[in-house]
Structure formats: C-alpha cells, structure tokens
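For reference, the structure is listed below as structure tokens.
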Number of protein chains: 2
Amino acid sequence: MTVAAAAGVSPMTVSKVLRGTGRISLATRQRVMQVADDLGYVPNGLAGALSSQSSQIVGILIPSIGDMVYSGVLAGINAVLVPKGFSSFIGETFFDPENEARLVRTVLSLKPSGLILTGGLERTGATMHVLRQSGVRCVQLWDGDRPDLDATVGLSHRAAGRAAADIFLSRGLRDACYVGAQLDRDLCAARRLEGFRQRLEEAGGRCRVLADDALPRDVVTGEALTAALLAEGPPPEAIHYLNDAMAIGGLRALLAAGVEVPGRTSVIGFNGTSLRHAIQTRLTTLEVPLHEIGARAAQALLQPGEARTDLVDFQIVAGTTVRP
Amino acid sequence: MTVAAAAGVSPMTVSKVLRGTGRISLATRQRVMQVADDLGYVPNGLAGALSSQSSQIVGILIPSIGDMVYSGVLAGINAVLVPKGFSSFIGETFFDPENEARLVRTVLSLKPSGLILTGGLERTGATMHVLRQSGVRCVQLWDGDRPDLDATVGLSHRAAGRAAADIFLSRGLRDACYVGAQLDRDLCAARRLEGFRQRLEEAGGRCRVLADDALPRDVVTGEALTAALLAEGPPPEAIHYLNDAMAIGGLRALLAAGVEVPGRTSVIGFNGTSLRHAIQTRLTTLEVPLHEIGARAAQALLQPGEARTDLVDFQIVAGTTVRP
DNA sequence: CGATTTCATGTTATCGTTACCACTTTGGGT
DNA sequence: ACCCAAAGTGGTAACGATAACATGAAATCG
C-alpha cells in the first residue's frame, strides 16, 4: 500500500520482496526493504493468512502454564516449532472440558497449521465434532493410556502408578497412601492412582487415598493434606504424591511431625521437576522426559502420517526418601 | 456460507446471529445456531478481524515461560484478560532483543488489541519504531527503574537490591557475594546487583560477584557456582542470589561444605516462588506480587490514558537463612 | 535478425467476514 | 385509510494480502 507507493512499485512486488518469493531485481528489492524499514511497516498477517489459506500458527492447549510439567513440555514443542517459523498460540484449559471447547474454537478460527491438545480430560462431543470438521491435524499429548486424535505422544500413567507401587512392594512396604488434588478433573493423575492401588492390592497391600478436589496441586496443599493424614492416625509405610511439589510439602509435614523418612515412611513423587533437589533430602521420584514429549509431539504434528501412538518411558530417579 | 445456505438465510444474518449483534428473530436465531452446531462451523477469525479491523488478541512477550516468575505474572494477566473475552498470544524472548524484534512483528501482524512487553532488555530501535507506527497500545512489565512505552507496571530492581543489602547490613554483615547468571542479558537482575553492591559499598562493605552468563538460572547452577565460590576461599558472610531456585541450590552447596546457615553465612533469595518452602530450611527472600503485576499491567492496557508508571512493592519474607 | 526464452513486474480475482445502509414487512396511532 | 416507527433481513463494498496468470523488455540463439 503505502510502501508500494513510496517505493514506486505495485503492492504485488512489495509482497514478493517481503516474503522472498518470485524474481525481483536486487535494486528493487533493496529499495522496497529500505522503504518498509523506514516506515516501520509490518504486513497484515490476517490478510496474508486469509488469502493464502494458511497461517504459520500452531495451537497448543495445556492445563496450566504455571505448572512446571506442562511448561516443560511446551519448551520441547517450541524447540521444534520455532526454528521452522511457526508461532505457537497457547491456551490454558485448567482441566475443564468447556474451557477446552472454547479455546479450540478460538484457535481454529485462526486457521492454524496444527493443534496440540493435552489429554487427561473428557473432551466434549462438540469439541470432537469441530475438530474433525476443521480438517486441522491434531496431536494429543501426555495421556498415552487412551490415544486419540491424529496421533498421541505421552506415557502410560497407569504403568507409572504401578511402577511406584512396585518400588514400595520391593521394599516390603504394603500399607500405602496416595496424596493428590483435583483428581476429579485430572484423569491422568486419577489413572496413576488407579495403577498404584491396583498393583498394591494385587500384592495384598492396601492404599488409602487423600485428595481434595478444590485445592491447588502445590507445596502448601501437599503439606496440609499430609498433616491431616498424620493427625488421623499412625503414618503409613509409604506415600506416593501426585507431583514433586506436593511431595516436598509432604516431606515438610512428615519431618515436622517427627516421622522418619525413609525410616518410618517412604515417599515417592512424580515428574522429576527441579523441586526434587530439596536441600538435604533428595526426593525419589518418577521422571518423565517432558522436553522429549513436547518435541516428539511437534514432530508428529508436522509429519502427517497415519494415526500413531508414541509412548515414552519414565525413569525412576533414586533419591533418599525410599528405604533401601 | 454453507451455514447460511443450510439455514436458508443470508451470510449476513448468520454473522449477526453468531456474534449476537443486530436484531434477529428468536426463530431464525435458533435455527442458525442449530445448523452451525450441526455443521461444526467455526467462523474464520482471520477474515472477521480483517474486516472489522480489530482482533481480540493481546500479545504478551516474556523472557521465558518455564521461569515461574514470568508464568506467575502471566497468570495475573490472564486473570484479567480472559474474562473480558481476549485471547493472549504469548512469545518467549529469552532476553534477546532480536528475538523480541521478531516476535513483536509476528504479534503486530495479528493486529492485536494491545501488547504487553517485559522490560529488562535493550530494545532495538527497529522494534521501537515498529511499535510506534503500529499505534497499538503497549505496556511494559517488570522493569520499573526505566519506564517505557505507554505505561509501565513493575518494581524498582535497584531498590530491591538495596533492600537485600540493608537486611545484611542491619545484621552487621558486610562481606557479601552476589550469585547469578545471565546478567549480561537480564538487565533487571543486573540492576538488582548494582543496588545491592552500591548499598554495601556506601556502608563500607564489599561485594564479590559470581555469575556465569552461559548457564541457566536454576537450582543446579546455584549449587555449582556456590561450590566454586567455597572452593576459592573462606565463605562470605552473606550471599544474595538472583532467584530462589539458585538460592536453594546454593544452600545445598553450603550445607554440603559444612558451612552453617545462618551461623556462618546468611542467604537471601529473590522472588518468593514455591521453592522457598525448602524442607527443613525456609529461605529468606524478597517477595514480589507477581500476580498483581500481571493484573495491573492488563488493566493498564485496557484503560487507555496518559503514560503512567505503576510501581509495586516487594516484601521481605522472613525465613531461617539470615541470622537474627 | 526474427524467434524464443528469461527476467522483472503488474493485473485481476479471491479469501470469509463485517460496516453500513437499504429494503420489506408488520402493527399501531390518528 | 394513511403514515410512521420498529423489527427483521439482505445487498454491496470494503479489509489487505496473495495465487495465478499476463505483460513487456532484455537477453539468447540458430
């Protein structure tokens, strides 16, 4: 427009110069670039995307940005996407299907190149319908137990729960407790609990559950719930926490109550965040390759192919909170 | 289009129904909604924004999503923006002005309703030029020492550094050290150091600096740098860390080396993240109201007015790592 | 030296929506 | 019976870019 006039060429030529397509003489190219810079001109991406029928946007929906787990995955996604010239449009669902539905519409209205959704919630029928109609390629993250959409990259949370139980059982610990929060919404965490409890009960153990659906899944809640647990009666032999943050809070409560860890009670967290580096204690936890999940999900998004399920492995990170 | 045909009305009527504008009879409205739902129709937001010359997008540029500090601010922003129907387009600058320049262009090309940038980096001239030409309202976050753009919401990092120094000085501690990372890029952290050092030297103290510009600002780096510091010679009386994560790492190194905290060495972190809840120790730190900064920035963005600087206060969170 | 190819640029139609106004009907009010 | 407001709906022309093709000039060729 203005740029074209100022450079004495047609809008078409400006478009070509700015995108580096077509054959433009060096002189013209330099002149247009100069004028565009001087004018502080930024092409209207809305018009460009509308016209070319494709935006370089990828939609990413995660439960919460504040949760280190998902921001770790996000970093992995961006590490793949950004170098290829995509920008990511991030939305927070807070585990709420209605929220997800709203965000899916918002993102789809931007005609994205692809969509990455997080599993672990009960997607509404409307959401699925809209996704399918859009024709946009969709990848599901995180929940590997129930693959969905065009591809899935995640882990088996049920298996993770069983693995935690196995660690306890191998130490002869059978009286366990699972401490979490928001299990009503976070179906992945619920499935970890399920695996954990199943495995324990198969081996003749038992598993209490302490969870509050209204509290955040952080250090403070971990401490409060554990304190409540200890007030009820004698401490369990083993506690598995929903995440590392809650586990750290739990350890505070245990130590405050004089419960020896791991002498009296063993503790396992989940996810291997930086919180596991507690000062004196080192939390035993299951580590999930967050960055890798993100990177592989981004790759799965970019290379169209048949529906595929890509299960990543978690690792046991040995700390000092489980007895030998 | 298809919806209009299927409902037997004009595209114009569909547009009105879906946006809830204009006068449409109840019967028509219901029929159109029904058809749209059945078809899984999502309006093309690109075309809509192009036509109406306004998108409901707000651009937010922060150094890193993985850093709890900025994701805390982000939460505050979203708490204000999302209920008003805005969606946020988030970009990560990693403290790099060129990255910021690229992202600013990307966001502006989406014709956003507003832009929230994080201060603490040397913005390029081109970025400033493009921002001004765009006419989009811009708010600067975080860096309150050097207000910029249409409004600024943040804190004085210099004052925060001085406050940390004052705490040490009031305990008679004069031999201090500042431990950080990436001070070349993060000008806010550099300014905290400056305030810290100035205040100490005014009072006849001294301040060593230990920083590595290549390492991440996390627990592991905090531990490594502190271990290096202790290997060099006797421990300083006081250490101020760039953030809580590094401080926690530092405490590990100090305890591992048998340095009594706070008996021999006192420690102050910065930012009051959940990491401060270490298991036995409770880190003394300066707490910044992250959520509030975000919320106020979002409000400043929405209510146009003259350029304003909104300085928030930090608080000293007493822990057990500074001697009485 | 005419025919063909290459290079550099311009023309036109289109993407899907909305702003703005025009149009038809209906239901009073006088 | 006539007029006028309100209610409901549709037509038209943007919005700013690009895909696809068209054009003219310069270069190459047999």
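The figures that follow rest on heavy atoms only: side chains count, while hydrogens, waters and symmetry mates do not. The structure presented is a predicted model; accordingly, all values stated were derived computationally and were not measured. Here is how names work: the chains are called A, B, and so on, in the same order as the sequence lines, proteins then strands, and each is numbered from 1.
- For the residue pair B/S88/B/N78, the side-chain donor-acceptor check at 3.5 Å is satisfied.
- Using a cutoff of 4.0 Å between basic side-chain nitrogens and carboxylate oxygens, B/R217 and B/D186 are scored as salt-bridged.
- Between A/T21 and A/L46, the residue whose closest nucleotide on DNA chain D is further toward the 5' end is A/L46.
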- Task: Going 5' to 3' through nucleotides 6-14 of chain D, assign each nucleotide B (protein heavy atom under 4.0 Å from a base atom), S (under 4.0 Å only from sugar-phosphate atoms) or - (no protein heavy atom that close).
- Result: -SSBBB---
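- Under 3.5 Å, the side chains of A/Q140 and A/R123 contain a donor-acceptor pair of N or O atoms.
- Atom-to-atom, CZ of B/R19 to C1' of C/dT17 comes out at 8 Å; the value is rounded to the nearest Å.
- A/R191 has a carboxylate O that lies under 4.0 Å from a charged side-chain N of A/D143, or vice versa, which qualifies the two as a salt bridge.
- Residues A/T28 and A/S25 bring a donor and an acceptor atom of their side chains to less than 3.5 Å of each other.
- Nucleotide C/dG16 holds its P atom 12 Å from the CG atom of B/L50, rounded to whole Å.
- Taking 4.0 angstrom as the limit, A/Y41 places a side-chain polar atom (N or O) nearer than this to OP1 or OP2 of D/dA17.
- Atom NZ in B/K111 sits roughly 11 Å away from atom C1' in D/dA17 (whole-Å rounding).
- A side-chain donor-acceptor contact under 3.5 Å links B/D145 and B/S156.
- Within the structure, every side-chain polar atom (N or O) of B/Q53 is placed at least 4.0 Å from both OP1 and OP2 of C/dT17.
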